[in-house]
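Report on the structure given below.
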Amino acid sequence: MKILAAVDGSPYTKRMLAYLSAHDEWLGAQHEYTIVHSVPAVPPRAAAVLDKSIVRGYYEDEAEKVFKPIRAFFAKRGMKAQFVGRFGAPADAVVALADKGGCDLIVMGSHGHGTLANLVLGSVATKVLASTRVPVLLIR
């Protein structure tokens with residue numbers, strides 16, 4: 001099974017990883033894992049005056065801050081995963097990668113806001129659920 005795990009480095013990511021490690025059916029060598037993190041885009045005016053290599057380095061550094069403990073998590077279990085850093089809207093990145101990669105499942109942590117909070121604040125999880133045909137496992 002191809003599993004795409006959307007991560008942001010928050011306590012909800014840690015909860016999602018803890019859930020996976022507690023459930024053998026989701027965490028094991030029989031699965032193929034892709035870990036995705038989307039870094040907020042540098043504002044266009046700022047990006048226009050910065051060298052492209054500086055902006056690219058910023059995106060890579062920010063993604064690696066999130067990926068580092070997750071790499072350790074997978075290495076400790078002797079498992080491999082592909083790590084993909086994107087920039088921009090997280091929900092769009094998750095959905096595009098899941099569709100392009102032919103994923104069978106998207107796994108992500110959720111803050112667990114209520115419906116009213118999602119209306120006002122929006123939610124990456126809500127946007128992913130509304131935009132993909134791939135099954136989504138939300139961990140709260």
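Salt bridge annotation for R71-E64: present, with a cationic side-chain nitrogen under 4.0 angstrom from a carboxylate oxygen.
Taking the centre and axis of the six-membered ring of F73, the NZ or CZ atom of R77 falls inside the cone set by 45° and 6.0 Å.
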Show, in sequence, the C-alpha distance, side-chain angles and deciding distance for L27 and M79, and conclude whether the side chain to side chain contact (heavy atoms under 4.5 Å, CB included) test is met. CA-CA 9 Å; L27 192 67; M79 297 172 51; 3.6 Å; yes

Yes or no on side chain to side chain contact (heavy atoms under 4.5 Å, CB included) for V136 and M108, after CA distance, side-chain angles and deciding distance? CA-CA 8 Å; V136 179; M108 57 193 305; 4.3 Å; yes

Go through L129 and L138 one step at a time and tell me if the side chain to side chain contact (heavy atoms under 4.5 Å, CB included) criterion holds. CA-CA 10 Å; L129 285 168; L138 291 178; 3.7 Å; yes

Side chain to side chain contact (heavy atoms under 4.5 Å, CB included) assessment of F87 paired with V42: CA-CA 9 Å; F87 67 91; V42 172; over 6 Å; no

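Here the CD-CE distance, from Q30 to M1, works out to 9.0 Å after rounding to the nearest 0.5 Å. Annotation: the span from L97 atom CG to D92 atom CG amounts to 12.5 Å, rounded to 0.5 Å. With rounding to the nearest 0.5 angstrom, the CG atom of L137 is 4.0 Å from the CD1 atom of I139.
Considering only heavy atoms from C-beta on, D8 stays 4.5 Å or farther from V66 through its side chain. Residues V124 and T126 have side chains not in contact (no heavy-atom distance under 4.5 Å, counting atoms from C-beta outward). Between Y59 and R86, every side-chain heavy-atom pair lies at or beyond the 4.5 Å cut-off. Between V94 and K127 the shortest side-chain heavy-atom distance does not fall below 4.5 Å. Contact annotation: the side chain of M16 approaches that of V107 to within less than 4.5 Å [non-hydrogen atoms, C-beta and beyond]. Proximity of I3 to D104: side-chain heavy atoms (C-beta onward) are nowhere separated by under 4.5 Å. You'll find the side chain of L17 reaches within 4.5 Å of the side chain of I70, heavy atoms only. Taking 4.5 Å as the limit, some side-chain heavy atom of Y58 sits within range of a side-chain heavy atom of V39.
Panel note: side chain Y19, backbone R140; no donor-acceptor pair is recorded below 3.5 Å. For the pair S38 (side chain) and G88 (backbone), a donor-acceptor distance under 3.5 Å is present. Side-chain atoms of Y33 come within 3.5 Å of backbone N or O of G28 as a donor-acceptor pair. Side chain of K2 to backbone of G101: a donor-acceptor contact under 3.5 angstrom is found. Looking only at distances, no side-chain donor or acceptor of T132 sits under 3.5 Å from a matching main-chain atom of V128.
When all heavy atoms are compared, the tightest approach of E25 to H31 is O-NE2, 2.8 Å. The shortest non-hydrogen separation linking H37 to V7 is ND1-O, 2.9 Å. Considering all non-hydrogen atoms of both residues, A47 and V55 come closest at CA-CG2, 4.3 Å. What you find for C103 and L4 is that their closest heavy atoms are SG-CB, 3.7 Å.
When hydrophobic clusters are built by joining Ile, Leu, Val, Met, Phe, Trp and Tyr residues whose side-chain heavy atoms come closer than 4.5 Å, directly or via intermediates, V84 is not grouped with I35.
The number of heavy atoms from other shown groups lying within 6.0 Å of CZ (F67) is above 12.
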